[in-house]
Colleague: 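Supplied in C-alpha cells, the structure appears directly below.
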Number of protein chains: 2
Amino acid sequence: MSREADYLAGYDPSRFPALLTTVDMAIFCIRDGKLHVLLVQRASFPARGEWTLPGGFVDPTGDINLEATAGRKLTEKTGVMTPYLEQVCSVGNSTRDPRGWSITVLYFALIDQAAVAPGNADVEAVQWVPLEEALDQTLAFDHCELLRRATRRLRAKARYSALPLKLLPSQFTLAELQQVFEVLLGAKLERKSFRRRILSANLLEETGRLQPTSRRPAMVYRLIREVDEDFAFPGLIHSKPSEL
Amino acid sequence: MSREADYLAGYDPSRFPALLTTVDMAIFCIRDGKLHVLLVQRASFPARGEWTLPGGFVDPTGDINLEATAGRKLTEKTGVMTPYLEQVCSVGNSTRDPRGWSITVLYFALIDQAAVAPGNADVEAVQWVPLEEALDQTLAFDHCELLRRATRRLRAKARYSALPLKLLPSQFTLAELQQVFEVLLGAKLERKSFRRRILSANLLEETGRLQPTSRRPAMVYRLIREVDEDFAFPGLIHSKPSEL
DNA sequence: TAAATAGTGTCTCTCAGACAGTATGGG
DNA sequence: CCCATACTGTCTGAGAGACACTATTTA
C-alpha cells in the first residue's frame, strides 16, 4: 500500500494531453404561455459576440462536483438557488471547440419565471428567448444541437413524468399545470383525463381558493411530496408525441 | 476575425488545471439465463489488483469523440465491433479518484454473449460476473455506484422499450425474447400479453422454424427495422418495477 | 342573465392480465 | 399415448378519450 502512496505522490496529471472540460446549461422557464430558454452573449474569444447557452469551465478548486458547477452557473445568471437540475448528456469531440478536444456536460434546469432575479438579465448580455427562436438562430459552437437534446429530453419527460411541475411556483391551479403540459407537449390535453391522472397520482393536495383570473375561481394545489428524477405516472405517455 | 485567429494561435490549454477524463463501461450480456457484466482487474496503480468496470482515458489524439473511446474499450475487451452503446451519465468530483478531480463518462453496452471473442477473456484479467455478485463485491473507485446507475437505466428501459433485443443474436424465438425481458425486469410476464405487445409493434418478422430445444419447435423471428435509443412501445411500462 | 371558466358524470374503446383451451413436437 | 412447450381465444377490469352536463364567478 505504501507503493500506491508513492505512486500517487509522484503522479503528475499534467503529463496527459489537456482536455477542455465545461458545463453548459439549458435553463427553461415559461413566459407568456411559451417555453423560453436563457441565452448569453459571449464577451470574449472564441465566438465573441455570438449567443450561446450559459456555461463555463469546471473549476477544480471551487466546485466539489459537476452539479455544483452547473448550480453555480445557474445562480450567476438567474439568482435562482434551488431549481430542478438534471444532467442530459455529455458531448466530447475534437471539432466542437476551436481550442481543441473538448467535453461539455449538458444540464437542463427548470425554474419558475417569477423566481428569477430581474436585475441581472438586463445588466449582462443575457436574455430569455422563445425556444423556437433560439433553435432557429445560429448559436455558437454546437449549442444548437445541445439545446435540441435538452429540449427533446424535457419534452419526452413531459409525456410520463410530473416534471413540468418544476416550471410553476409552489402553488398553482390545475388549469395552469395543464397549460404547462400542453406547452411542452405541443398538444391540447383532455381536461377530464388530465385531472384524473394528476389527482390519482397522490402528488397534490388542495389549499384554499384562487384569484379570479377571469371568471370562476379555481382550487389552488400544492405539491405533497417531492418529485424526483425517476418519478413516473402511467398515462401521459399515450399522448401523441409533439412535433420536433 | 483575425483577432479570433490571433487568440486561438496563442491559446494554451495547459494553463488550466488538468482534469482526469475517462470513459467507463458497463458491458452486459445474458449467460445461463442471468444478466452478467464484464469486470477487469487493474494491472497498475491506483487500486492495483482490484476489480473495476472496463474503461480508460480519452485519447485526444486517437479518439474522434467520446463514443469512439467507448467503442475502442469495448472492442479491446470483447472483440465485439457493433454493439448497442448508450451513454448513461457523467460523474465528476474531487473524491472519486485519488489522483485528483476526475470525470468519467459512463456508457453501457448490450451484446450477444455468443458474439464475444472467447480468447481474450481468459488471457487478460477479465471476467463475466453475474450482476448481483458484481454489485455485492467491492469494486474500486466509485464503480459500484456507476454499475448501479447503468443497471437502473437498463432496467428502466426494459419497461418501455425494445432495447433487450440487443442482448440476443439476430435470430431468436419469442420465448427467448420474453425470457430476456423477464431477467431484466425481475418478474414473470404474461405470455399472451407479451406476444401481443411485441408483435403489434411491427418490429419483428417471421423466418422458418427452430431447433426443438425441448418439445414443440418455436417460430424464429428477426428484427425488421433498427431499434434506436428513443423507440418505445406502450405497455410494458405498466409492469411492476423490479427490485433494486 | 349572459359569458366564461372550473369542475363532474358517464359512455365507449382500447388494451393488459388472466387463464383455459388447442397445436405440435419428442420420448 | 403422455408430456412439455408453443401458441390462441376470449373474458374481464382498469383507465384514457370524448363530450355533455353542472357550478360559480364577473360584468
Side-chain angles (χ1 to χ4, degrees), chain A residues 33 158-162 164 168 171-183 185-222 232-242, chain B residues 33 158-162 164 168 171-182 184-222 232-242:
Chain A
R159 293 178 63 208
Y160 62 87
S161 86
L168 287 175
Q171 310 232 337
F172 49 86
T173 68
L174 289 186
E176 290 166 341
L177 184 57
Q178 178 169 351
Q179 205 205 325
V180 172
F181 273 94
E182 288 174 345
V183 166
L185 294 173
K188 280 282 170 198
L189 297 178
E190 205 53 40
R191 193 165 20 131
K192 186 63 197 274
S193 309
F194 182 80
R195 300 175 69 87
R196 249 191 320 228
R197 278 190 303 242
I198 296 291
L199 294 177
S200 66
N202 284 333
L203 259 158
L204 309 183
E205 70 177 5
E206 302 186 351
T207 55
R209 282 213 173 257
L210 174 74
Q211 68 280 33
T213 332
S214 36
R215 303 295 175 165
R216 171 178 171 181
M219 176 59 70
V220 178
Y221 287 82
R222 80 163 75 86
F233 41 44
L236 239 26
I237 197 162
H238 291 130
S239 325
K240 293 183 208 75
S242 62
Chain B
R159 293 178 63 208
Y160 61 86
S161 86
L168 286 175
Q171 309 231 338
F172 48 85
T173 67
L174 290 186
E176 289 164 344
L177 184 57
Q178 177 169 352
Q179 205 206 326
V180 171
F181 273 94
E182 288 174 344
L184 293 183
L185 294 173
K188 279 282 168 196
L189 297 178
E190 205 54 40
R191 194 163 21 134
K192 186 62 195 277
S193 311
F194 181 80
R195 299 175 69 89
R196 248 191 321 230
R197 278 189 305 243
I198 295 290
L199 293 177
S200 66
N202 284 332
L203 262 162
L204 308 183
E205 70 176 7
E206 304 186 348
T207 54
R209 284 212 172 258
L210 174 73
Q211 67 281 32
T213 332
S214 35
R215 304 293 176 166
R216 172 178 169 180
M219 177 58 70
V220 177
Y221 288 82
R222 79 163 74 87
F233 41 43
L236 242 24
I237 197 161
H238 293 302
S239 324
K240 294 183 209 75
S242 63

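Naming: A, B, ... by sequence-line order, numbering from 1 per chain.
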Colleague: Taking the side chain as every heavy atom from C-beta outward, state whether B:V180 and B:F172 have any atom pair closer than 4.5 Å.
Modeller: no
Colleague: Could you check how far CZ of A:R196 sits from P of C:dG9, rounded to whole Å?
Modeller: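 Interatomic distance, CZ of A:R196 to P of C:dG9: 12 Å.
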Colleague: When you compare the protein's N or O atoms with those of nucleotides 20-23 of chain D, which come within less than 3.5 Å of each other, and at what distance?
Modeller:
residue, atom, partner, partner atom, Å
D:dA23, N3, A:R216, NH1, 2.5

Colleague: Rounded off to whole Å, could you give me the CD1-to-P distance for the B:I198 and C:dG17 pair?
Modeller: 12 Å
Colleague: State which residues pass side-chain hydrogen bond (donor to acceptor under 3.5 Å, both in side chains) with B:Q179; sequence neighbours excluded, sorted by chain then number.
Modeller: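 Per chain and number, B:Q179 pairs via side-chain hydrogen bond (donor to acceptor under 3.5 Å, both in side chains) with no residue.
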Colleague: Could you state the atom-to-atom distance from CG of A:L199 to C1' of C:dG7 in whole Å?
Modeller: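 So the two atoms are 11 Å apart, to the nearest Å.
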Colleague: Given atom CE of A:M219 and atom C1' of C:dT8, what is their separation to the nearest angstrom?
Modeller: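 Interatomic distance, CE of A:M219 to C1' of C:dT8: 14 Å.
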Colleague: For residues 198-207 of chain B, which side-chain donor-acceptor pairs fall under 3.5 Å, sequence neighbours excluded?
Modeller:
residue, atom, partner, partner atom, Å
B:S200, OG, B:R196, O, 2.8
B:S200, OG, B:R197, O, 3.2
B:E205, OE2, B:R222, NH1, 2.5
B:T207, OG1, B:V220, O, 2.6

Colleague: Kindly write out the residues that satisfy salt bridge (charged side-chain N to carboxylate O under 4.0 Å, His left out) with A:E176, not counting sequence neighbours, or none if the list is empty.
Modeller: none
Colleague: Taking CD from A:Q179 and C1' from C:dT5, how many angstroms apart are they, rounded to a whole number?
Modeller: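 The distance from CD of A:Q179 to C1' of C:dT5 comes to 13 Å, rounded to the nearest Å.
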Colleague: Spell out yes or no: do the side chain of A:R215 and the base of D:dT24 have one donor N/O and one acceptor N/O closer than 3.5 Å?
Modeller: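 Checked by distance alone, the answer is no.
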Colleague: Can you measure B:F194 atom CZ to D:dT8 atom P for me and round it to whole angstrom units?
Modeller: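 Result: 14 Å.
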Colleague: Any side-chain heavy-atom pair from B:Y221 and B:T173 closer than 4.5 angstrom?
Modeller: no
Colleague: What's the shortest heavy-atom distance between B:P164 and B:S161, and which atoms?
Modeller: CD-O, 3.8 Å
Colleague: B:R195 side chain N/O closer than 4.0 Å to the phosphate oxygens (OP1, OP2) of D:dG9?
Modeller: no
Colleague: How many Å lie between CZ on B:R159 and P on C:dA16, as a whole number?
Modeller: 14 Å
Colleague: Rounded to the Å, how far apart are B:Q178 CD and C:dG17 P?
Modeller: 11 Å
Colleague: Do A:M219 and A:L174 have side chains that get closer than 4.5 Å, going by heavy atoms?
Modeller: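 Answer no - side chains too far apart.
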Colleague: Identify which nucleotide among D:dA6, C:dA6, D:dA18 has an atom closest to any side-chain atom of A:E190, counting heavy atoms from C-beta outward.
Modeller: D:dA18
